[in-house]
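Taking it in order: structure first as structure tokens, then the write-up.
The sequence lines fix the lettering, A, B, ..., with proteins before strands; numbering per chain opens at 1.
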2 protein chains.
Amino acid sequence: MGISERKEREKEQRRNDIIDAAEKVFFKKGLNNSTMDEVAEEAELSKGTLYLYFKSKEEIYFEIKLRAIRILNGMFIESISENKTGFENCMEIGKTYVAFLNNYSNYYRVMVYFENNDCRVCEFKDKCENFFKEDNPLKFFIQIINQGIEDGTIRDDIPANVLAQTLWAQTNGILQFISTKQKILEFTGVKAEDIVYSQYEIIKRGIRNEGKS
Amino acid sequence: MGISERKEREKEQRRNDIIDAAEKVFFKKGLNNSTMDEVAEEAELSKGTLYLYFKSKEEIYFEIKLRAIRILNGMFIESISENKTGFENCMEIGKTYVAFLNNYSNYYRVMVYFENNDCRVCEFKDKCENFFKEDNPLKFFIQIINQGIEDGTIRDDIPANVLAQTLWAQTNGILQFISTKQKILEFTGVKAEDIVYSQYEIIKRGIRNEGKS
DNA sequence: TAAAAAATATGACTAACGGTCATAATATAA
DNA sequence: TTATATTATGACCGTTAGTCATATTTTTTA
């Protein structure tokens, strides 16, 4: 049945085209100031057609979030190395996350949106439920922490699970701060890099296995 | 002119009544699922009247945020003590912030909303611009860190400004994580308290002045 | 290849809701 | 008591996410 397969591909393609169009519109004007009519126009389709491929405006946004996560995951995987210690890899991931914020700020913003609007995310419950079980930056990060505990470069008095989630949550807080609180940074005369550097310094001391370099 | 003063008081009172009503409605159903008609009904006023006292739905929400900040500030001030070191006070503030999340989760959620929707906050630019200059949890926290640096209990190689904002941002990340990622915590079998404890542990090592207890 | 059936696309329409404004009610001043 | 100012009202408006009856295109059938 070559036809149904081709149709499947075409459908997938159209879905992607719609997400592409939505991305353009949303990135330019923000989710709230973008209308589905604009997305439809950008995609050269009628509005009704959008709803054949997606349940809601927010579901399209959620698909963009998935793209963001895929990019971030890819960057993380590229940034680590077998030749480095767990501790070094861990710090590398931090740097990479900051680079993601700088290079893909649009995608980053989409991710933040879903961090903080979990009430609505229920719509995608099924997708979210299984999310952690699949490839996911946090899951990946836990492995790195584990590596560090095993190779003795990261303190071992906190379970890898817990330590990883703590660092992950912290780091999200840092990125969120430097990306939304420019006013405060300006007013206090502090640069985003200062905060990032300070975060590294605290983490270094905070998680390094004592006695090791 | 006793009359105009009384009128002023009455107006202020009515404003507060409206915020009270809005709080009830918003806390019960969430900002997005609450309508201005519902707020008006709860306040026993017509919808039009609401707009005599507030420019928009979101401005009312912003007023609720101000209440939240006032509560948090009060808790912070209560939690510190002249008899404690800067380091101890700093840790105390962390604990207090967690207590705030647990005891005033509705207010906490409002604060988070404005952390992450800064685009819209422009409406309240004037209010926000001056915000940092007034009483503000972060500003207060900077003072505590300064105390710690001065009394030698907190490392002095990072400026108080920077260190305080870093810790603040981190902690926000932690609170946000434990309040929105229950699913992940469940799945990994980690408790919110574990994360909080781990955070304390990392910070302790991370900011304590070496050589001091 | 033509007609029937299935799949896909359309855009006018609806419902919901934030915000407005002409009008009404009430309080104050003259 | 009348004129003026203040406060309140709710019908109405504009916008927009989402729907659905209808139309178009593609595939299947005979």
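The aromatic rings of Y113(B) and Y61(B) sit perpendicular to each other, their planes meeting at more than 60°, with 30° as the lower class boundary.
Scanning for salt bridge (charged side-chain N to carboxylate O under 4.0 Å, His left out) contacts around R70(B) gives an empty result, with sequence neighbours left out. Applying the side-chain hydrogen bond (donor to acceptor under 3.5 Å, both in side chains) test to R205(A) and every residue at least two apart in sequence or in another chain returns E210(B).
Between Y51(B) and dT20(C), a side-chain N or O to OP1/OP2 separation shorter than 4.0 Å is absent. Side-chain N/O atoms of Y53(A) include one lying less than 4.0 angstrom from OP1 or OP2 on dA9(C). The side chain of R14(B) contributes no N or O atom lying less than 4.0 Å from OP1 or OP2 of dT7(D).
For DNA chain C, the neighbouring residues in residues 37-48 of chain A, judged by any heavy atom under 4.0 Å, are L45(A), S46(A), G48(A).
Nearer the 5' end of DNA chain D, as judged by each residue's closest nucleotide, is the contact made by K11(B), out of K11(B) and N33(A).
Counting to the nearest Å, the P atom of dC21(C) and the CG atom of L50(B) are 17 Å from each other. If you measure from atom CE of M36(A) to atom P of dG11(C), you get 16 Å, rounded to the nearest angstrom. If you measure from atom OH of Y61(A) to atom C1' of dG18(D), you get 20 Å, rounded to the nearest angstrom. Counting to the nearest Å, the C1' atom of dA8(D) and the CZ atom of F54(B) are 16 Å from each other. When rounded to the nearest whole Å, the span between CG of D17(B) and P of dT7(D) equals 15 Å. Residue L52(B) contributes atom CG, which lies 13 Å from atom C1' of dA24(C) at whole-angstrom precision. Spacing between atom CD of E10(A) and atom P of dT8(C) amounts to 9 Å, rounded to whole angstrom units. dG19(C) atom C1' lies 12 Å from atom CD1 of I60(B), rounded to whole Å.
Across all strands, T35(A) comes closer than 4.0 Å only to sugar-phosphate atoms, never to a base (heavy-atom distances).
Within the structure, ring-ring contact (aromatic ring centres under 6.0 Å, His included) contacts touching residues 28-47 of chain A (residues at least two apart or in different chains) do not occur. Within the structure, no pair that satisfies the ring-ring contact (aromatic ring centres under 6.0 Å, His included) test touches residues 32-52 of chain B, not counting sequence neighbours.
Checking dT20(C), dT10(C), dT26(D) against the side-chain heavy atoms of K7(A) singles out dT26(D) as nearest.
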Residues 141-150 of chain B side chain polar contacts: donor-acceptor under 3.5 Å, at least two apart:
unit_1  : atom_1 : unit_2 : atom_2 : d
Q147(B) : OE1    : N89(B) : ND2    : 3.1
Q147(B) : NE2    : K84(B) : O      : 3.1

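The ring of Y108(B) has its center no closer than 6.0 angstrom to the ring center of Y104(B).
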